[in-house]
Amino acid sequence: MDKTFEPRDVEARWRDRWEQTGCYAPSGKGEPYSIMIPPPNVTGTLHMGHAFQHTVMDALTRHARMSGKDTLWQPGTDHAGIATQMVVERNLKLAGEPARLELGREKFVEKVWEWKQYSAGTIGGQIRRMGSSVDWSREAFTMDPSYSKAVIEHFVRLYDAGLIYRGKRLVNWDPVLLTAISDLEVVSEEENGKLWHFRYPLANGAKTADGKDYIVVATTRPETMLGDTAVAVHPDDERYAHLVGKSVLLPLTNRGIPIVADDYVDREFGTGCVKITPAHDFNDYALGQRHGLPIFNIFTKTATIISSANDSPIVDEIRRRAEVRPGVKSVTMWTSVYDYTLIPEKYRGLDRFVARRQIVADLEALGLVDKIDDHKLKVPRGDRSGAVVEPYLTDQWFVDLTRETRHDGQPGPGGLTAITRPAIDAVESGRIRFVPDNWKTTYFQWLHNIQDWCISRQLWWGHRIPAWFDDAGNVYVGRDEAEVRIKHGLAADLSLRQDEDVFDTWFSSDIWPMATLGWPEQTEALKKWYPSSVLVTGFDIIFFWVARMVMMGQYFQNDVPFREVYITGLVRDPEGNKMSKSKGNVLDPLDVVDGIALEDLVKKRTTGLMKPETAPKIEAKTRKDYPQGIAAVGVDALRFTFAALATQGRDIRFDAGRAAGYRNFCNKIWNAARYVLMSCEDQDCGRDGKLPVELSDADRWIISKLQKLEAEAAEHFAGYRFDLLSTALYQFIWNEYCDWYLELSKPALQQGSAAQQRGTRRTLLRVLEAALRLLHPLMPFITEEVWQRIAPLAGITGDTIMLQVYPRAEPAKIDEAAEADIEWLKAFILGVRQIRGEMNIAPGKPLPLLLQEGSAEDIARLARMRNAIEFLARVETPRVLEAGDSAPQSATALLGTARLLVPMAGLIDKDAELARLGKQIAKLETDVMKTQSRIDNPNFGKAPANVQDQARQHLAKLQAELQILQRQSTDIAAL
RNA sequence: GGGUGCUUAGCUCAGUCGGUAGAGCGUCGCCUUUACACGGCGUAGGUCGGGGGUUCGAGCCCCUCAGCACCCA
């Protein structure tokens with residue numbers, strides 16, 4: 001074996017072999033266990049967050065597999081409609097190729113497919129390199145033909161059940177990407193703006209209470225005034241009560257619009273008068289609905305002012321279905337107006353922000369601007385484009401999630417009953433458990449305030465909506481055009497055109513746990529692995545994805561899609577910022593694995609930026625965070641780092657130093673294995689059991705400790721405590737096995753009998769072999785590599801550690817006596833080391849040593865473990881002092897009630913020993929004081945008896961120790 | 001405005017049933033001892049965000065204040 005662990009070689013050796021020999025595929029035996037990968041977007045490459053979650057999933061998968069379960073980790077990728085479409089559009093631009101609209105739909109979609117092949121390949125490569133044991137034979141993609149069929153199927157079934165409707169509604173419109181987006185894709189942040197106060201002249205000679213012939217409305221969006229269809233005041237507002245029912249003359253347009261009363265109006269805000277633009281504001285829309293106001297759309301889909309009859313999607317007058325909804329005061333006939341001639345010519349065709357400036361200027365010229373205040377407001381922007389989102393009236397498809405009964409009046413449950421409530425119930429009833437538990441409140445909160453889900457997107461990349469229109473505007477839904485014609489009895493020559501739009505991506509990934517297993521067919525795989533065992537994902541997609549999978553799983557399979565949801569934290573940069581390409585603080589997990597020079601990292605982070613001007617800042621931060629670049633740590637160390645940082649419900653700051661520390665841990669394991677091999681190869685390791693084997697205290701101690709570790713590992717897997725798991729493994733391997741057991745094995749192998757040597761070798765091998773299996777789910781590569789060499793010597797056969805059984809504790813092997821013996825031994829050796837270390841005595845120099853006031857047990861232990869003590873403490877044979885013996889002046893260490901004495905003659909400086917004792921005495925004195933005052937508390941008698949006893953015993957012990965040290969100090973001082 | 005977290009050693013974080021605080025990294029000293037310098041041995045470092053309460057006893061439970069983060073409206 002090499003002297004240092006070289007991860008690259010080892011990883012390369014195993015990852016292909018595991019995959020090719022079918023180790024990743026389900027065994028077909030045992031209890032089913034499955035994890036569905038949250039399909040990464042085919043937008044590029046995996047980031048640290050993926051690597052983290054994949055580490056967790058792979059650990060769970062390997063653990064389940066080793067525990068004998070029929071384990072499936074289902075891989076795949078998501079087409080990620082809008083995100084991927086944007087990536088491809090940008091690539092076309094960078095390559096100087098024709099833009100999307102120039103190419104046309106068919107050619108463009110071909111380009112996206114090319115990109116998908118590339119991106120999925122990159123992602124697959126990354127997943128493979130990380131050692132993730134997914135079943136590649138089942139790899140899925142949300143746009144695969146079979147998957148697409150399932151997407152269509154679930155839409156048609158929901159539609160047929162009256163749970164999907166098409167409606168003209170205000171949606172969040174992205175005027176750059178030209179598509180509707182869902183509420184979840186809008187990010188609102190506070191920005192500095194203005195609050196304009198405009199004077200709207202009263203019509204027909206009406207006057208305000210204080211005699212003015214105008215009222216003042218306040219607005220943050222002056223340009224929308226062209227679409228105003230009312231002014232609203234609060235019904236209880238005395239200032240305006242007499243004006244309700246009267247009209248104002250809308251400036252610039254000279255349209256008369258009514259003054260209405262509605263308690264939506266906040267009397268305290270602005271002037272208490274609000275201009276109402278139902279077509280361009282969600283609140284105004286609702287108000288307009290209540291008051292039967294016309295909806296006057298003034299924008300084209302690129303958010304310029306309409307200028308011709310073809311600009312708006314609203315092409316004819318519509319009549320709102322009479323519908324009673326909560327909050328609707330009256331049912332009114334409701335009319336939408338489209339008439340570009342109502343807009344003064346000078347504004348037609350202007351961009352919304354240009355129009356704003358023009359309108360303010362024109363009102364100013366007319367003396368109608370009352371005042372302009374600075375104002376902070378929440379500006380809604382599309383999370384992809386960053387453009388200000390426009391509430392916009394368009395035809396879209398919705399999933400009903402809010403109605404008790406069907407939207408169309410047919411008998412049957414509505415979405416609230418059929419979809420939303422069962423999803424709430426799945427978690428409320430405990431059939432799905434969130435880990436950590438408190439995420440369920442987030443889940444409930446969203447579901448209790450849910451809106452209908454707009455599932456159509458005006459994109460080209462995605463599943464095209466299976467709806468067809470005839471020339472009369474009738475809509476027919478079916479699995480394909482042929483089915484539609486049959487289902488609705490349409491003539492073969494009736495011309496039908498399919499809806500141009502595609503589904504929201506989440507309206508395809510919502511069936512991921514079912515469709516990847518073959519749904520709608522009730523396949524064997526579906527029967528076996530649905531529900532999946534656990535979903536591992538981030539809290540940021542609880543709404544987008546988790547809740548929606550629960551909805552669809554409950555609806556279609558009448559069962560939850562997963563039994564547990566383990567919510568991971570987000571991986572952040574060293575300062576705690578979210579990692580994002582635009583911030584330039586992303587890390588490629590493989591750059592941590594392979595290492596990267598500072599200059600390369602800077603280059604990687606500053607090329608291809610959306611905003612090239614941010615490059616200097618990004619460069620500075622990168623140089624600050626990683627002044628030496630990043631050292632290669634290998635896959636195992638990176639995985640272990642993620643596990644160690646995976647504390648419950650907390651985001652994790654990635655710390656390259658920590659990863660380097662775990663690389664050292666790998667090296668430690670490697671060298672421990674080297675030592676074990678050197679000690680055991682070509683030796684009698686007690687394998688055949690024919691010759692006598694004798695286990696020492698140390699052997700029984702480490703075996704006992706191993707049992708406790710195994711029990712702990714089981715517990716931590718069950719509780720998803722990968723942080724505690726990794727700490728326990730690290731402690732055991734480094735601080736018990738390497739620091740103590742390996743050292744103890746040295747004297748045993750040098751000086752022990754044949755039977756003792758056999759016992760030691762067997763224990764060295766068996767404990768290491770078990771530790772490797774325990775560690776394997778977190779560190780697959782190094783454990784496999786080492787196991788291949790160790791296992792045969794331990795008498796274990798098998799092709800791979802992957803398919804070995806995960807160690808389980810055997811309580812019978814717990815040996816408290818041996819543990820106590822070794823704890824005593826450690827204390828003994830530490831006492832001597834402490835003196836040696838603090839007195840600066842060379843480590844190799846053998847010391848004389850006396851044991852004073854040792855109990856019978858101390859003396860027996862000393863006799864039994866003398867070899868180990870002499871070897872590890874580097875002492876001459878310790879001499880036991882009898883009761884009457886006088887001791888020379890010595891440096892002292894306490895060992896329970898006994899004392900270890902290192903004679904000072906020629907070794908130890910008087911002052912140094914006094915200083916050392918002084919420190920220990922000071923510490924003991926404060927401890928004594930603390931404990932004493934606790935006992936002296938007059939009410940301490942109320943504490944349970946055992947606690948009192950414990951405290952008194954503790955005090956007595958401290959006092960005894962203190963006394964010994966004080967006496968010692970006085971004696972030495974007197975020299 | 002509503003909700004969820006967080007604040008513990010220089011840094012990053014554990015801390016289970018309330019019993020008197022731990023780890024890794026870093027610091028400082030000694031050591032090229034035959035598994036490992038990606039190492040060994042030793043050492044220092046804490047008013048557990050502030051205040052109040054419950055309790056024999058609070059990092060942990062309750063109240064309150066401050067700061068930070070995120071989610072929803």
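Every chain is numbered from 1 and lettered A, B, ... according to where its sequence line falls, protein lines coming before strand lines. All figures in this text were calculated on a predicted structure; none of them were measured in a lab. Values reported hereafter were calculated over all heavy atoms of this structure, with side chains retained and with hydrogens, waters and symmetry mates removed.
- The partner of U47(B) cannot be assigned: no Watson-Crick or G-U wobble pair with both contacts below 3.5 Å exists in any strand.
- Under the Watson-Crick or G-U wobble criterion, with both distances below 3.5 Å, G5(B) is paired with C68(B).
- Asp636(A) places its CG atom 19 Å from the P atom of C38(B), with the value rounded to the nearest Å.
- Nucleic acid contact for Glu715(A): none, since no nucleic acid atom lies under 4.0 Å from a heavy atom of the residue.
- Using atom P as the reference point in both C63(B) and G5(B), the two lie 13 Å apart (nearest Å).
- Heavy-atom nearest nucleotides on RNA chain B were determined for Met678(A) and for Cys666(A), and the one closer to the 5' end corresponds to Met678(A).
- With RNA chain B read from its 5' end, the first of the two nearest nucleotides for Arg721(A) and Glu6(A) is the one closest to Arg721(A).
- Among the protein residues, Cys738(A) comes within range of the nucleic acid bases, having at least one heavy atom under 4.0 Å from a base atom.
- Taking atom CD1 of residue Ile835(A) and atom C1' of nucleotide C41(B), one finds them 14 Å apart after rounding to whole Å.
- If you check every strand for non-hydrogen atoms under 4.0 Å, Arg833(A) touches sugar and phosphate atoms only.
- Nucleic acid contact class of Arg653(A) (heavy atoms, under 4.0 Å, all strands): sugar-phosphate only.
- Nucleotide A21(B) forms a pair with no other nucleotide shown, judged by Watson-Crick or G-U wobble geometry with both contacts under 3.5 Å.
- Using a 4.0 Å heavy-atom criterion, one finds that Leu742(A) contacts the bases of the nucleic acid, with or without backbone contacts as well.
- Comparing the C1' positions of A69(B) and U54(B) gives an interatomic distance of 31 Å, to the nearest angstrom.
- C41(B) atom P lies 11 Å from atom NZ of Lys826(A), rounded to whole Å.
- Look at the C1' atom in both G46(B) and A23(B): the space between them is 15 Å, to the nearest Å.
- Atom CE in Met1(A) sits roughly 9 Å away from atom C1' in A35(B) (whole-Å rounding).
- Ring geometry for Tyr662(A) against Phe665(A) counts as perpendicular: the plane angle is over 60°, on a 0 to 90° scale with 30° as the lower cut.
- The backbone N or O of Ala873(A) sits less than 3.5 Å from a side-chain atom of Arg836(A), completing a donor-acceptor pair.
- With both ends at atom C1', the span from A21(B) to C38(B) equals 30 Å, rounded to whole Å.
- For Lys3(A) against C36(B), a side-chain-to-base donor-acceptor contact under 3.5 Å is absent.
- Thr4(A) and Asn667(A) form no side-chain donor-acceptor contact under 3.5 Å, judged by distance and modelled atom types alone.
- Side-chain N/O atoms of Asn664(A) include one lying less than 4.0 angstrom from OP1 or OP2 on G39(B).
- Atom pair Asn735(A):CG and C41(B):P shows a separation of 9 Å (rounding to whole Å applied).
- Distance check on atom C1': G59(B) versus A9(B) gives 14 Å, rounded to whole Å.
- Between Tyr737(A) and Phe732(A), the two ring planes are parallel [angle under 30°; tilted spans 30° to 60°].
- Phe543(A) has its CZ atom 9 Å from the P atom of C71(B), to the nearest Å.
- Here G57(B) sits opposite no nucleotide as a Watson-Crick or G-U wobble pair (both hydrogen-bonding atom distances under 3.5 Å).
- Salt bridge Glu390(A)/Arg221(A): present, at least one basic N to carboxylate O contact under 4.0 Å.
- Atom-to-atom distance recorded for Phe717(A):CZ and Leu725(A):CG is 5.0 Å, nearest 0.5 angstrom.
- Contacts of Gln731(A) with the nucleic acid, taken as non-hydrogen atoms under 4.0 Å apart, involve only primed sugar atoms and P, OP1 or OP2.
- C61(B) and G22(B) have their C1' atoms separated by 22 Å, given to the nearest Å.
- Atom OH of Tyr741(A) is separated from atom P of A35(B) by 15 Å (rounded to the nearest Å).
- Taking atom P on both G52(B) and U12(B), the two are 28 Å apart, rounded to the nearest angstrom.
- At a threshold of 4.0 angstrom between heavy atoms, the contacts of Tyr730(A) are confined to the sugar-phosphate backbone, with no base atom among them.
- Using a 4.0 Å heavy-atom distance criterion, Lys440(A) is classed as making no nucleic acid contact.
- Using a 4.0 Å heavy-atom distance criterion, Ile841(A) is classed as making no nucleic acid contact.
- Between the CD atom of Gln445(A) and the P atom of C70(B) there is a distance of 17 Å, rounded to whole Å.
- A salt bridge is defined here as a Lys NZ or Arg NE, NH1 or NH2 lying under 4.0 Å from an Asp or Glu carboxylate O, and Glu743(A) with Lys746(A) meets this definition.
- Base pairing annotation: C30(B) forms a Watson-Crick or G-U wobble pair with G40(B), both donor-acceptor distances under 3.5 Å.
- Only the P atoms considered, U8(B) is 27 Å distant from G2(B), to the nearest whole Å.
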